[in-house]
Amino acid sequence: MKFVDYSFDAGLMEAIDSMGYETLTPIQEAVLGPILEGRDIIGCAQTGTGKTAAYLIPLINQIATNPTNTTSAIIIVPTRELAMQIDQQVAGLGYFVSVSSKAVYGGGDAVEYDTHRKALMTNSDIIVATPGKLMMHLNMGHFSSEGLRCLVLDEADRMLDMGFIEDIQKIISFLPEERQTLMFSATMPPKIREFAKKILKDPLELNFAVSKPSESVLQAAYLVNNENKIQLVSHLLEGKEMKSVLIFASTKQAVKNIAHELKRVLNSVEEIHSDLDQQARENVLLRFRNQQTRILVATDVLARGIDIDTIELVINYDVPHDPEDYVHRVGRTARAEREGVALTFINKERKEQNAFKQIEIMLEGDVYKISLPKELGEAPEYNPSNSPTRRSTHPRNKGAKSNGSARPVTKKRDSKPRK
Ligand code: AMP
C-alpha cells in the first residue's frame with residue numbers, strides 16, 4: 001500500500017513525499033486505518049519498523065483537517081533523545097501544515113524551563129515529553145488537558161524499567177477520560193499488559209517485533225557497483241570449499257539475470273522464482289538440499305520455504321527493502337546450531353544505502369564493510385541519508401540541491417482521510 005492511496009491532507013502528503021516515504025511499512029499499514037477511526041492500540045514494535053510515523057501521520061492529519069486551539073496530543077517517551085527525535089519528525093511531517101509541537105524533557109536551564117512552560121501554556125498541537133518533566137509542569141498548573149484527543153506512550157517497556165510508571169499514572173489522572181490511547185512497546189512483559197488493561201479501551205493488539213539474526217551469523221557488507229557484482233561473487237566462491245550458497249535478489253527478473261551471468265563464470269548454479277512451476281521449484285530445491293547444486297539464486301518470496309541446515313553463505317545481491325526481509329534472508333544460514341556468513345552488496349544508490357542504514361538501525365549497530373579488492377573496481381562510498389535530494393525547502397532536505405523554487409508545487413488531494 002502506498003501513501004498516495006490514502007486521502008491525507010495535501011500539506012501532509014507533501015511532507016510525506018519530501019521525507020521520501022512512498023510505501024507504508026507493515027506497522028503503518030496495520031495501524032493507520034484504526035488510528036484514523038479512533039481506536040486504542042497496543043503495539044509491540046521496535047525502532048526501525050516505522051512506528052513513529054505510524055502514529056504521527058494520523059495525528060497530524062487529524063490536527064490539519066480539524067484544528068483546535070488546544071493541545072491535541074501528548075506523546076510520552078522515556079528519554080530526551082527520543083523526545084527530540086520525535087519532535088523533529090513532527091517538524092518534518094507537519095512542515096507544510098500548521099501543526100506546532102514542542103519537546104519537553106528533563107535537565108535544561110531556567111530559559112529552557114520557561115520555553116517548556118510557555119509551550120505548554122500556549123497549547124502546542126503536539127507535546128512530546130519525558131514523564132518526570134511533564135508531571136512537574138502539570139503539578140504547577142502550566143498545562144490544561146482540556147481538548148486533548150490522544151495520548152501516545154512510546155517505548156512503554158523502557159519507561160516501566162526506568163521507574164516512570166507512577167508518573168505516567170499521575171499524568172493520566174490529569175487527562176480527559178474520553179481520549180484515544182496508543183501504546184507502543186518493544187517487548188510485552190506481563191507488567192506492560194496489566195498496565196495497558198488499565199489505561200486502554202478495547203485496544204487493537206498488534207505485534208511487529210522484528211526478530212534479529214542469530215548471533216551465529218557473521219554479517220558483513222561490500223560496497224560495490226552493480227557492474228562489479230558478478231566478479232565479486234566469483235571472487236568469493238571460486239576455488240572455495242563452500243557447498244551451499246544462497247544468493248538473494250529482490251525481483252524474479254534480477255534472479256534470472258544474475259543466474260544467467262553467474263553460469264558463465266561458475267559451475268553448479270540454479271535459480272528459483274515464481275516463473276517456475278511447482279514441480280520445477282521442488283526439483284531445484286531438492287538438488288540444492290542434496291548439495292547437487294552449489295549456488296542457488298532466489299527471490300525473497302520463494303526463499304521463505306527454504307529450510308536447509310547446511311547453507312554456509314547467504315549473499316544479498318541487493319539490499320532488501322525492509323529490515324524484516326533482511327532478517328529473513330540472513331536467517332537462511334547458521335541454522336541448527338551451525339555458523340554461517342551473510343554478505344550484503346550495497347551499491348552507490350541512495351535508496352539502497354538508506355535501506356541498509358535502516359537495517360543497521362534495526363540491528364542496533366553498524367555492519368562491518370569489507371574493502372572491495374582493487375581489481376574489482378572502485379568501491380562507492382557509504383553515505384546514507386534518509387533525506388532525499390529532490391527538495392530543498394523541507395527541513396529533512398537541508399543541503400540538498402535546490403530546484404530554484406522556494407516551495408515545492410503542492411499536489412491537490414482530498415483533505416479527508418479515507419476510512
Ligand atoms: P522508527 O521505527 O519510527 O524509528 O522509524 C525508523 C526509520 O524509518 C526512520 O528513519 C523513519 O524516517 C523511516 N521511515 C518510517 N516510515 C517510513 C516509510 N514508510 N518509508 C521509508 N522510511 C520510513
Side-chain angles (χ1 to χ4, degrees), residues 1-6 8 12-33 35-36 41 43-61 73 75-95 101 103 126 128 152-158 182-187 206-212 250 319-327 349-366 383-391 394-398 400:
M1 195 103 172
K2 296 199 182 278
F3 285 103
V4 289
D5 298 329
Y6 285 78
F8 286 127
L12 173 60
M13 265 320 294
E14 197 59 44
I16 291 172
D17 194 32
S18 292
M19 307 275 281
Y21 302 171
E22 223 178 274
T23 311
L24 279 79
T25 66
I27 188 166
Q28 290 164 357
E29 223 173 293
V31 305
L32 271 178
I35 296 180
L36 288 166
I41 307 255
C44 190
Q46 294 154 355
T47 299
T49 52
K51 71 175 157 67
T52 319
Y55 62 77
L56 285 183
I57 289 172
L59 287 186
I60 291 173
N61 190 67
I75 302 168
I76 306 181
V77 298
T79 61
R80 65 184 289 159
E81 289 74 23
L82 189 59
M84 283 156 69
Q85 266 176 43
I86 295 173
D87 186 43
Q88 277 164 11
Q89 277 209 51
V90 177
L93 288 166
Y95 189 71
S101 80
I126 297 178
V128 191
V152 181
L153 300 172
D154 201 347
E155 301 207 354
D157 50 350
R158 263 175 91 193
L182 312 173
M183 186 161 149
F184 296 93
S185 189
T187 57
L206 296 161
N207 190 342
F208 291 92
V210 179
S211 53
K212 293 195 183 147
S250 299
V319 177
H321 295 310
D322 65 59
E324 223 176 309
D325 281 339
Y326 177 84
V327 174
E349 285 166 28
R350 179 176 289 253
K351 206 168 143 204
E352 279 236 323
Q353 299 213 349
N354 285 350
F356 198 71
K357 190 69 216 169
Q358 292 310 323
I359 290 164
E360 290 184 316
I361 291 171
M362 177 272 298
L363 295 171
E364 294 178 277
D366 291 347
N383 199 9
S385 116
N386 287 326
S387 46
T389 50
R390 284 172 292 159
R391 305 263 161 80
H394 192 272
R396 294 281 304 245
N397 295 352
K398 274 191 187 135

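In this chain, residues are counted from 1 in sequence order. Indexing begins at 1, ligand by ligand and atom by atom, following the structure's order. The model shown is predicted, which means the values in this text are computed figures rather than measured ones. The figures that follow rest on heavy atoms only: side chains count, while hydrogens, waters and symmetry mates do not.
- When non-hydrogen atoms are compared, ligand 1 lies under 4.0 Å from neither the backbone nor the side chain of Met19.
- Of the listed options Ile16, Leu24, Thr23, Thr23 places a heavy atom closest to atom 19 (N) of ligand 1.
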Item to check | Check against salt bridge (charged side-chain N to carboxylate O under 4.0 Å, His left out), Lys357 and Asp366 | outcome: CA-CA 8 Å; Lys357 190 69 216 169; Asp366 291 347; 3.6 Å; yes
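- Between Ile359 and Pro323, the closest heavy-atom pair is CG1-CA, 4.0 Å.
- Near Thr52, meaning under 4.0 Å from any of its heavy atoms, are these atoms of ligand 1: 1 (P), 3 (O), 4 (O).
- The distance criterion of under 3.5 Å between nitrogen or oxygen atoms is met by Gly50 with respect to ligand 1.
- Residue Phe3 approaches ligand 1 through these ligand atoms, each under 4.0 Å from one of its heavy atoms: 19 (N).
- Residues satisfying the salt bridge (charged side-chain N to carboxylate O under 4.0 Å, His left out) test with Glu352, not counting sequence neighbours, are none.
- Considering both main-chain and side-chain atoms, Gln89 never comes within under 3.5 Å of ligand 1 through any nitrogen or oxygen pair.
- For Phe356, the ring pair (Phe, Tyr, Trp, His ring centres under 6.0 Å) test picks out no residue, with sequence neighbours left out.
- No hydrogens or angles considered: a donor-acceptor pair under 3.5 Å links the side chains of Asp154 and Tyr55.
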